[in-house]
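Structure, as structure tokens:
Note that the coordinates shown come from a computational prediction; the quantities given were computed from them, not determined experimentally. By convention in this document, chain letters (A, B, ...) are assigned in the order of the sequence lines, proteins followed by strands, and residues within each chain are numbered from 1.
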Amino acid sequence: MARTKIVEVPMALEIPVGPQHPALHEPLLIKLYVEGEVVTKVEVNTGYNHRGIEKLCERNNFYRNIFLCGRVCGICNTVHANCYVRAVEAILDVDPPPRAKYLRVLAMELERVHSHMLINAVMAEVLGYDTLFMTIMRDREAVMKAKEIVTGARVLADYMMVGGVRRDIDEVKKDRLLKLLDKIEERVRYYRKVFEDDPTIFKRLVDVGRLSPADIVSHSLVGPVARGSDVGTDVRFEDPHEAYPEIPVMKLIKRDEGDSWARMMVRWDEALVSIEASRYVLQHLPQGNAVPDERKLPRRFPPGEAFTRAEAPRGELTYYVLSDGKPTPYRVKIRTPSFNNIINGAFAFVGACIADVPAILVSFDPCISCMERVVVVDPETGSKRKLSLRELATRGVSR
Amino acid sequence: MAELPEKLGLLKKYAKKVYEIKVSRIVAEVEVGDIPRIVEELIKSLGKESLYLTTLVATDLPEQGIIRLDYFLSVLPEKKVVVLRAAVPREDPRAPSLLNILPGVFSAECEVYDLMGVVFEGNPHLRRGFFVPVEVAEKGIHPLKKDVKV
């Protein structure tokens with residue numbers, strides 16, 4: 001069709017991405033201002049689902065808070081509980097037995113594998129590969145099963161307790177886990193190859209949302225986002241805790257490309273390292289008791305403070321716990337990795353095309369379902385229409 | 001008194017007191033007004049790619065009449081977390097913003113302002129309702145303060 005009018009540029013569009021989805025923990029609004037197809041300004045609106053967990057922690061006792069902290073995030077609940085429990089253990093001067101330390105690593109590494117598989121699956125969906133999304137999610141079920149064997153629950157594990165873990169594993173479970181790990185590894189290697197070789201994935205992700213190491217550090221971006229830009233920060237190596245220093249197969253993964261593709265590849269490689277580490281843990285599990293007697297745990301908490309860090313699947317997670325000698329903590333401060341990555345990382349969208357926004361956003365590993373719908377507002381006509389994130393990704397915005 | 005790592009020696013100039021909290025975090029108590037200068041000097045001596053703000057913790061201490069600010073700085077080459085601890089008066093809590101030096105403080109300063117009411121001078125993005133629900137923010141209360149019931 002012959003064009004009779006050229007669209008006037010700049011076309012001021014405000015595109016809100018988000019905010020509401022009740023199922024996950026980060027409803028967020030990313031407001032994009034675009035001229036033509038290019039993002040010129042980004043605003044991040046938060047506060048849609050602030051649950052006041054820090055204030056609630058001040059009201060509950062130290063032990064109850066373990067369950068509360070595990071519910072900050074569904075996907076990485078064991079790592080939240082672990083980070084909090086380690087802070088409480090530091091205040092109490094309690095050292096868990098070696099077997100418990102190994103089992104904690106096992107639970108956390110399995111969690112990392114399924115979290116990384118999830119976000120890679122979401123990336124595949126955003127890029128238009130629904131079948132790939134479904135097959136990754138199918139194979140992720142094997143990891144969930146493994147986590148269930150270890151902790152007793154697929155998702156919310158409530159596995160950590162002060163001085164140990166809540167359940168031990170026996171030889172039968174160990175054999176079953178090793179078999180599952182072999183199966184998972186084969187699939188993860190295959191998906192990694194798909195992400196490495198597929199020309200479409202390559203075109204959609206390479207050179208998209210490139211971040212320099214200096215920007216990463218000054219903006220406090222953490223986790224695979226930092227490691228995709230050659231910043232070698234990983235709490236498992238910086239801050240030796242649990243059994244991590246004793247596991248020789250642990251390896252720091254980083255890439256120097258700095259784009260969305262590098263961030264996804266870092267995740268695949270980390271998933272492989274986590275599988276290897278899980279296997280090592282199972283094969284070298286120390287003997288002894290891992291489950292403490294709950295009735296014998298200390299009831300009095302000395303005054304003191306502790307600051308602990310853990311490497312959640314999305315990056316560095318920190319807990320600060322202050323005790324004033326009472327049964328409840330005086331202050332608990334939680335800083336999740338997405339708090340830094342999503343709010344401070346908004347600058348990454350500036351200069352990108354609208355169709356690249358979902359790819360960059362997913363490469364940051366946010367909770368994607370909170371950004372499921374997008375409203376496109378045309379100020380000239382005042383018309384509004386809704387687009388799904390996938391439509392936006394595959395077609396861009398057409399008038 | 002805890003020993004400061006060699007590369008962080010310049011903290012000695014500003015620190016009133018240096019000690020350790022669990023787990024092996026070195027705390028330097030400093031004046032709140034000195035913090036931008038300290039961070040600037042640290043970045044200058046360590047390099048741009050080696051220091052980031054891990055988290056900013058504000059603790060309300062009504063008995064002492066202060067709000068304590070703890071800047072947890074992660075020093076990548078040293079693999080250490082250093083804490084700059086400063087106090088601001090509870091009645092009129094004001095601290096200089098680090099936004100121009102470390103853009104990574106953006107989320108932390110906005111959060112602390114919203115939940116604890118510390119005004120970071122020089123940060124134009126501070127606003128109520130960043131995290132707190134509108135109905136709480138409208139009452140003008142900062143929910144993490146100890147005397148506030150929510």
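No other option in A:D239, A:I216, A:D324 has as many heavy-atom pairs under 4.5 Å with chain B as A:D239. Each of A:G304, A:G232, A:S220 has some count of heavy-atom pairs under 4.5 Å with chain B, and the biggest count is that of A:S220.
Under 4.0 Å is where a charged nitrogen must lie from a carboxylate oxygen, and between A:E305 and A:R331 no such pair does. Ion pairing between a basic and an acidic side chain is recognised when a charged N comes within 4.0 Å of a carboxylate O; B:E111 and B:R127 show no such pairing. Salt-bridge check for A:E311 with A:R227: passed, with a basic side-chain N closer than 4.0 Å to an acidic carboxylate O. The pair A:R335-A:E316 meets the salt-bridge criterion, with a side-chain N (NZ, NE, NH1 or NH2) lying under 4.0 Å from an Asp/Glu carboxylate O. Using a 4.0 Å cut-off between charged nitrogen and carboxylate oxygen, B:K13 and B:E41 count as a salt-bridge pair. Of the charged side-chain nitrogens involved, at least one lies within less than 4.0 Å of a carboxylate oxygen, so that B:R90 and B:D60 count as a salt-bridged pair.
Residue contact with chain B, scored on non-hydrogen atoms closer than 4.5 Å, is absent for A:V235. For B:L76, the part lying under 4.5 angstrom from a heavy atom of chain A is the side chain only. Using a 4.5 Å cut-off between heavy atoms, B:L115 contacts chain A through its side chain alone, with no backbone atom that close. Heavy-atom distances place no part of B:V83 under 4.5 Å from chain A, backbone and side chain included. Interface residue B:L56: only backbone heavy atoms are found under 4.5 Å from chain A. For chain A, the nearby part of B:R68 is the side chain; its heavy atoms alone come within less than 4.5 Å. Proximity to chain B involves both the backbone and the side chain of A:Y330, based on heavy atoms less than 4.5 angstrom apart. Using a 4.5 Å cut-off between heavy atoms, B:E78 does not touch chain A at all. Proximity to chain A (any heavy atom under 4.5 Å) is restricted, for B:S50, to the backbone atoms N, CA, C and O. Within the 4.5 angstrom heavy-atom criterion, atoms from both the backbone and the side chain of B:L61 approach chain A. Contacts between A:L322 and chain B at a heavy-atom distance below 4.5 Å involve the side chain alone, from C-beta outward.
Just one residue in the list B:V30, B:V82, B:I101, B:L73 forms a side-chain contact (heavy atoms from CB on, under 4.5 Å) with B:I38, and that residue is B:V30.
To the nearest 0.5 angstrom, B:D114 atom CG is 13.5 Å from B:E109 atom CD.
In plain terms, the two heavy atoms of A:L92 and A:P302 that are nearest each other are CD2-CD, 3.9 Å.
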